[in-house]
Amino acid sequence: MQLNKSNAERLIADLGMKDVPIIEHTPTSCVITPDWFKKYKELCHEFMLSLTDSVETLAFMNLPQEEFMNLITGHSIPKNISFRLRIPLIFGGKLEIDNMFMCRTFPHSYNMDRFLMAQSDATTIWLPNPTHKVYHPAQTLGGGDGGNGTEDRLTETIASQIASDRDF
């Protein structure tokens, strides 16, 4: 289905991501090399190491300390976390850190896939393009109603301390 900007914004909002910016993109023909997955895995490792400039946003994801440290040191990706390409390879995107962002697999990555699949036959597509390396919906950045605000602040303080101790 071919969407215009307002329809695309409405659809992405209906999928629970009204705060994610979208960009218009005309897919280009591309050749995907057989070693793309190996290169993608290497890029994911580089991307994890680059997340040290995003510790404040990562803190709001409430990852356990061990998963947080494994993520920013490039050891492992936590459960329910996905790395996405802003412009997928099939649409002419490149394997570059600037073309990547991180989000929760469910519901965000799942819903972004639904958003793209709804446009499968379009000549011009709309792509989610978060402003930062880590997409975490604005409505959840404040911790929400109830919950443990002390734990949120503690996680943020720990993340900032880890970053400063390691000269990130």
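No experiment lies behind these values; they were computed from the predicted model shown.
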Rounded to the nearest 0.5 Å, how far apart are [atom1] of [X] and [atom2] of [Y]?
X	Y	atom1	atom2	answer
Glu67	Met61	CD	CE	11.0 Å
Arg114	Ser109	CZ	OG	12.5 Å
Ser82	Phe101	OG	CZ	9.0 Å
Lys133	Arg86	NZ	CZ	10.0 Å
Ile12	Leu127	CD1	CG	9.5 Å
Leu95	Cys44	CG	SG	9.0 Å

Going by side-chain hydrogen bond (donor to acceptor under 3.5 Å, both in side chains), name the residues that satisfy it together with [X], two or more places apart in sequence or in a different chain.
X	answer
Ser76	none
Thr123	Gln2
Ser54	none
Asn70	none

Between [X] and [Y], is there a donor-acceptor pair closer than 3.5 Å when you use the side chain of the first and the backbone of the second?
X	Y	result
Thr57	Val134	no
Asn99	Ile87	yes
Asn111	Pro107	yes
Asp35	Lys38	no

Which residues satisfy the salt bridge (Lys or Arg N to Asp or Glu O under 4.0 Å) test with Arg104, sequence neighbours excluded?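 So Arg104 forms no salt bridge (Lys or Arg N to Asp or Glu O under 4.0 Å) with any residue.
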Return the set of residues passing salt bridge (Lys or Arg N to Asp or Glu O under 4.0 Å) with Asp113 (not counting sequence neighbours), or none when no residue passes. Arg84
Sequence neighbours excluded - ring pair (Phe, Tyr, Trp, His ring centres under 6.0 Å) pairs with any residue from residues 29-56: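 Only Phe47-Phe83 qualify under ring pair (Phe, Tyr, Trp, His ring centres under 6.0 Å).
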Qualifying ring pair (Phe, Tyr, Trp, His ring centres under 6.0 Å) pairs, either residue in residues 109-133, two or more places apart: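 Only Phe106-Tyr110 qualify under ring pair (Phe, Tyr, Trp, His ring centres under 6.0 Å).
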Test of understanding: with side-chain contact (heavy atoms from CB on, under 4.5 Å), list the residues that count as partners of [X], not counting sequence neighbours.
X	value
Asp98	none
Lys94	Glu96
Ser120	none

Quick check on the hydrophobic clustering: are [X] and [Y] connected, directly or via other members, by side-chain heavy-atom contacts under 4.5 Å?
X	Y	value
Met117	Leu85	no
Leu3	Ile125	no
Leu116	Val20	no
Met48	Leu63	yes

Under 3.5 Å, side-chain donor or acceptor atoms of residues 21-29 against the rest of the protein: list the pairs with distances, not counting sequence neighbours.
from	atom 1	to	atom 2	distance (Å)
His25	NE2	Phe91	O	2.8

Could you report the tightest heavy-atom contact between Gly93 and Leu89, atom names first, then the distance? O-CD2, 3.3 Å
Any side-chain heavy atom of His108 within less than 4.5 Å of one from Tyr135?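 Counting from C-beta outward, His108 and Tyr135 do come under 4.5 Å.
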Show your working on side-chain contact (heavy atoms from CB on, under 4.5 Å) between Leu49 and Ile72 and close with a plain yes or no. CA-CA 5 Å; Leu49 296 174; Ile72 65 170; over 6 Å; no
In sequence, state the C-alpha distance, the side-chain angles, and the governing distance for Leu71 and Leu58, and then conclude on side-chain contact (heavy atoms from CB on, under 4.5 Å). CA-CA 10 Å; Leu71 177 64; Leu58 286 171; 3.8 Å; yes
Using the side-chain contact (heavy atoms from CB on, under 4.5 Å) rule, take Met100 and Glu46 through it: C-alpha gap first, then chi angles, then the decisive distance, then the call. CA-CA 11 Å; Met100 292 187 83; Glu46 289 176 41; over 6 Å; no
